[in-house]
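Presented below is the structure to which this report refers.
Order of appearance sets the numbers: ligands from 1, and atoms from 1 within every ligand. It should be emphasised that the depicted structure is a prediction, and the values quoted were computed from it without experimental measurement. Here, residue 1 is the first one in the sequence, and each next residue gets the next number.
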Amino acid sequence: MSDTAATVRPDRRAELANGLARVRGRIADACAAAGRDAAEVTMIAVTKTYPAGDVVALAGLGVVDMGENRDQEAAPKAAEVAAAGVTPRWHFIGQLQRNKCRSVVRYADVVQSVDSVRLAGALAAAAAGRDRPLDVLVQVSIDADPARGGALPDAADRDRGLGAVAAAVAGAETLRLGGLMAVAPLGWEPERAFARLAEVASRFRAEHPAATALSAGMSGDLETAIGYGATHVRVGSALLGMRPTLR
Ligand SMILES: *Cc1c(COP(=O)(O)O)cnc(C)c1O
């Protein structure tokens with residue numbers, strides 16, 4: 001790691017180390033309670049709103065996977081982190097506009113938020129210049145509210161139906177279908193949300209047996225998500241602190 005602007009003060013490093021120990025402890029306890037091996041669950045540090053120095057410090061503490069939700073913020077941050085000699089595995093987890101695909105495929109290793117056939121097509125075209133396929137998770141809507149993000153599990157909709165989106169990703173040479181991602185809907189008990197997601201995931205895996213990733217659970221509900229089979233949890237505030245604005 002070279003000495004660049006992307007560094008943190010020792011007290012911030014200690015704060016991140018404490019946050020990381022707490023979150024790793026929560027994940028271990030949840031896995032034990034669910035009878036699962038903690039090695040089955042990957043923690044993604046969601047670094048949105050936090051500076052490149054925090055990413056470099058987390059990488060120094062052994063965190064490999066980082067998540068961002070806005071390209072305008074993620075693209076320069078990824079460049080700054082790379083300039084510091086650190087290459088995390090970047091997960092793009094936010095709503096993605098088709099005109100941002102070309103930028104996102106330059107730094108992202110995984111895009112977790114593909115929820116339409118049109119977006120899958122734009123991403124597949126943008127990923128053509130990469131030296132290896134882009135990993136993609138299809139974001140599913142747990143409450144099937146078409147106004148919010150997520151492919152619709154039980155819909156035959158040609159653009160937004162889960163079956164159509166998954167087929168579009170699986171059929172694209174430049175993309176690799178890895179599994180599903182979801183966010184618990186506002187106002188739903190995590191228990192109900194992730195139980196429903198587990199049903200959707202089980203039917204999905206019958207069709208796509210290799211696509212085993214299930215990205216679910218955040219700072220407030222990761223234990224419940226692990227209980228329902230999450231393989232990836234996306235943790236921001238419990239690790240890095242409360243963000244100044246909720247988004
Ligand atoms: C911000 C964000 C997270 C992390 O949320 P926390 O509650 O801070 O852990 C997880 N997933 C997505 C899609 C996010 O946008």
Donor-acceptor pair between Glu191 and Tyr228 side chains, under 3.5 angstrom:
yes
Check: of Gln112, Lys48, Arg234, min heavy-atom distance to atom 2 (C) of ligand 1 comes from Lys48
Filter on salt bridge (Lys or Arg N to Asp or Glu O under 4.0 Å), then keep only pairs touching residues 125-136, sequence neighbours left out; what's left?
Arg89-Asp135, Asp109-Arg132, Asp135-Arg176
For residues 16-31, the salt bridge (Lys or Arg N to Asp or Glu O under 4.0 Å) pairs (sequence neighbours left out) are Arg26-Glu223
Per-atom contacts, ligand 1 versus [X] - under 4.0 Å to a heavy atom:
{"X": "Gly236", "answer": "4 (C), 6 (P), 8 (O), 9 (O)"}
{"X": "Val235", "answer": "9 (O)"}
{"X": "Ser237", "answer": "6 (P), 7 (O), 8 (O), 9 (O)"}
{"X": "Ser219", "answer": "6 (P), 7 (O), 8 (O), 9 (O)"}
{"X": "Ile93", "answer": "11 (N), 12 (C), 13 (C), 14 (C)"}

salt_bridge(Lys77, Glu68) N-O dist < 4.0 Å:
yes
Answer yes when Glu15 and Arg12 have at least one side-chain N-carboxylate O distance shorter than 4.0 Å, and no when they do not.
yes
